[in-house]
Protein chains: 2
Amino acid sequence: MAKVGIKDIARIANVSLATVSRTLRTPDLVSEETRLRVLNAVAESGYKPNRMGMNLRTQRSGNIMVIIPDITNPFNSGIIRAIEHEAQQHGYAVLLGDTQSNPERERQYVDLVEAGQADGLLYFSGRNPFTINPDRPIKDQLPAMVNSNEELDLEGISKVIVDNEGASKEAVNHLIDLGHRRIAAITGPLSTVSTQRRLEGYREALTEAGITVDDKLICEGNYQVESGIELTERLLQFKQRPTAIFCFNDDMAIGAVNVLNKNDYRVPEDMSVIGFDDILYSKVIQPALTTVAQPVEDIGRQCIQALIAQMNDKTLEPTYLKLPLELVIRDSTGPAPS
Amino acid sequence: MAKVGIKDIARIANVSLATVSRTLRTPDLVSEETRLRVLNAVAESGYKPNRMGMNLRTQRSGNIMVIIPDITNPFNSGIIRAIEHEAQQHGYAVLLGDTQSNPERERQYVDLVEAGQADGLLYFSGRNPFTINPDRPIKDQLPAMVNSNEELDLEGISKVIVDNEGASKEAVNHLIDLGHRRIAAITGPLSTVSTQRRLEGYREALTEAGITVDDKLICEGNYQVESGIELTERLLQFKQRPTAIFCFNDDMAIGAVNVLNKNDYRVPEDMSVIGFDDILYSKVIQPALTTVAQPVEDIGRQCIQALIAQMNDKTLEPTYLKLPLELVIRDSTGPAPS
DNA sequence: TTGTACGCGTTATCAA
DNA sequence: TTGATAACGCGTACAA
C-alpha cells in the first residue's frame with residue numbers, strides 16, 4: 001500500500017475530492033452523514049493532507065523563519081524556545097537560521113523567506129540583508145517581519161527591543177553607589193547596536209557622576225566566554241587596575257569571574273563583576289552574578305505576536321515595543337576596596 | 001510592481017516558461033545566448049522561484065525536521081548548531097521541534113513530517129511516536145529518519161548513539177581509583193534510555209570493584225540544574241554521606257557544586273563531583289568539572305549524513321553508529337577523604 | 001449539500 | 001535547443 005492521497009479517501013468514502021477537502025477544512029458545510037463517512041476513511045487509512053499541495057494552493061507555508069546569530073548562547077536559545085512555543089500555539093513551525101553572524105548566511109535565509117519557504121521573518125541581527133529600491137515604498141519590498149535584539153536601521157518594520165542604555169546606566173550606577181570609580185567595560189563587538197547602546201549608558205553614568213571616562217578601561221570583546229577571559233587577564237596587568245568590571249553579557253562575566261578566581265582575587269571584595277542577560281548559569285556560579293535580567297519569555301512572545309499581526313495584515317502599521325530590563329543584585333558586586 | 005513570477009521572466013526574456021526553468025535548473029541544456037538573456041531578466045527583476053510551486057512539483061520540501069526535548073540545554077543546542085551548519089551545507093533548512101519531552105508535541109511534529117513539510121526527521125527522543133502496523137514492513141511506515149541521543153526501541157532506522165554505559169563505567173572507575181567507595185548517582189529520568197545505560201555502567205563499575213550498590217545513593221533527577229541542587233541537598237543530610245557524586249549531566253553537576261560550595265564543602269577535598277556532556281560552562285566554573293565529553297559536532301554531522309543517505313535512497317540499509325566518549329579529568333575530582 | 005473544474009508555480013516529458 | 005503541455009495535491013468558486 002503506497003502513500004494514501006485525497007483521491008483514495010474520496011474513493012473509499014464514495015464522495016468527490018471536494019467533499020473530502022471540505023470535511024477537513026470546513027466541516028460545517030458537510031452533512032453529518034457524509035462527514036462521518038469521510039472521517040472514518042481518513043482515520044482508517046491514516047490519510048494526512050499533503051502540505052506541499054496545500055501550501056501552494058493557500059499560498060501559506062505555515063513556517064516562520066528565525067534568523068539569529070548563535071543558538072548556543074543561552075540567552076538566544078531561551079528566546080528561541082519561547083518563540084517556538086508561541087509559534088506552535090498559533091499553528092506555525094519554526095525554521096531555524098543560525099548564522100554565526102555571517103552576512104552571507106543571513107542573506108541565504110532571507111532568500112528562503114522571499115521565495116515563500118516561510119510566511120514571516122524574525123530577524124535578530126543588526127545588519128541589513130535587503131537590497132531596497134529607495135524609489136518605491138520600503139514595505140512592499142520586505143517580507144512580513146519583526147526585528148529584535150540588535151536593532152536594525154530600517155524604517156517600516158516592527159521591532160521588539162529592550163532598554164539597553166537605561167539598564168546599562170543603572171548597572172554602572174550601582175557600582176558607583178558602591179564607591180567604584182575605576183570601572184572597566186568588557187563590551188560586545190562595537191559594530192553591534194546592543195553594545196553601542198550599552199556603552200552609551202556606561203558613559204552617561206560615569207559622566208553624570210563626574211568620573212572621567214578612561215578609554216583604556218573599555219575593552220572590545222565578542223560576547224563569548226573566551227573573550228571575557230582574555231580581556232580580564234589584560235585588565236589585571238594594568239598598573240592602575242579597575243575595581244569593577246562591567247561585562248556586556250553573562251558569558252563574558254563568567255569568564256571574568258573564572259580568571260579572577262584563578263588569580264586569587266576575591267569577588268566582590270577585591271573586584272566587583274556585573275553581567276548582562278541573567279542566563280541560568282549566572283545564578284549558580286560562585287559568586288552568583290549581579291546582572292541585568294532580560295525578559296526572554298516576553299521577548300519571544302511579543303515577537304511572535306507582532307509578526308503574526310503583520311502576516312495577517314501587511315498593511316498594518318509597524319509596532320515599536322521597548323521592554324524594560326531589571327538589574328538583579330546578587331553576590332558579585334560589593335563596596336570598592338579602599 | 002507586484003511579485004515577479006516565472007512568466008514575467010519568460011515574457012521579458014522572450015522565451016517560454018520551460019526555458020526559464022531550464023536556465024535555472026539545468027543551464028547546460030540552454031544555449032549561451034538565451035541563457036544570458038534569461039539570467040539578465042532574473043537579475044534585473046530580482047526573481048526568485050517560488051518554493052511552494054517547486055516543492056510540490058519536485059516532491060521535496062528542502063526541510064529537515066529536528067525533534068529534540070529542550071533546546072535550552074547547552075548539550076542540545078550544541079548539537080542543533082552542528083546539525084544546522086551541516087544541513088545548510090547540503091541545501092537543507094532545519095525545522096525546529098522543541099518538545100519539552102511532551103509526547104503530544106512530539107506527535108504533532110511527526111505529523112508535519114508525514115504530511116511532507118520536511119523530507120527527513122532527526123529524532124532525539126526515546127518515545128515512539130509512530131503507530132505502526134506489525135503486518136507490514138516497518139520501513140514503509142516511517143519517514144526517512146535518524147534517531148540519536150535517546151535510543152528508540154524500533155527496528156529498521158538509522159541511529160547515531162554514544163557509549164553511555166562504557167563512559168559511565170569509566171567515570172565511576174575513576175572515582176574508585178581515587179579511593180571512593182560511597183559514590184552517589186544523580187540520574188536523569190529513569191524512563192530515559194540514556195539514564196538506564198549510564199546506570200548500568202555505574203552498577204557494573206561498583207560491582208566489579210566489589211562495592212555493594214546502595215540504592216539510597218541513587219537519586220532520580222531530571223537533567224535540570226534545580227534537581228542537581230535539590231538532590232545534593234538531600235544527599236548531604238544522610239548520616240552516611242557519600243564522598244563523591246556522579247551526576248548524569250553537567251547541568252545537575254553544576255547545581256551540585258553550587259550546593260557544596262554554599263555549605264562549605266570543598267570540592268574535591270571533601271566531596272568529588274563528576275558530570276556528563278562537557279558543556280562550555282563546566283570548564284569555567286570553580287572548580288572546573290571532571291566530566292564525560294560528548295562529541296557534539298560529530299553527533300550532529302553524522303546525524304545529517306546518515307539522514308541524507310536515507311533521504312536519497314530509502315531502501316538503503318539503516319546504519320548504526322556508536323561514537324566513543326571521553327572522560328575529561330579536571331579539578332572536581334580528587335582522592336577520597338580519609 | 002455535493003460535484004465539476006480551475007488554478008496555485010513549478011518541473012518534466014515529449015515533440016518539434 | 002526550444003516550446004507546448006501535463007502533472008504535482010490541494011482548496012474553492014461556481015453550478016447543480
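Computed from a predicted structure; not experimentally measured.
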**Message:** Any donor-acceptor pair under 3.5 Å linking the side-chain atoms of B/Asp28 with those of B/Thr26?
**Reply:** no
Using a heavy-atom cut-off of under 4.0 Å over every strand shown, decide if B/Thr34 touches base, sugar-phosphate, or nothing.
-> sugar-phosphate
**Prompt:** Would you say the base of C/dG3 and the side-chain of A/Arg22 have a donor-acceptor pair closer than 3.5 Å?
**Reply:** yes
By nearest-nucleotide position on DNA chain D, the 5'-leaning member of A/Met54 and B/Asn14 is B/Asn14
Query raised in the report: Looking across every strand, which nucleic acid part, if any, lies under 4.0 Å from A/Ser21 by heavy atom: base, sugar-phosphate, or nothing?
Result: base
Heavy-atom nearest nucleotide on DNA chain C taken for A/Arg37 and for B/Leu24; more 5' hit belongs to A/Arg37
- A/Ser125 and A/Glu150: side chain donor to acceptor below 3.5 Å: no
All heavy atoms of A/Asp70 vs all of A/Gln100, minimum pair found to be OD1-NE2, 3.5 Å
| query | Counting any heavy atom closer than 4.0 Å, what does A/Ile6 reach on the DNA or RNA strands: base, sugar-phosphate only, or nothing? | reply | sugar-phosphate
Smallest heavy-atom separation, A/Tyr47 atom then A/Val4 atom, equals CD1-O, 3.4 Å
5'-most contact on DNA chain D (nearest-nucleotide basis), A/Gly53 vs B/Leu29, goes to B/Leu29
Rounded to whole Å, CZ of A/Arg51 lies from P of D/dC10 at a distance of 12 Å
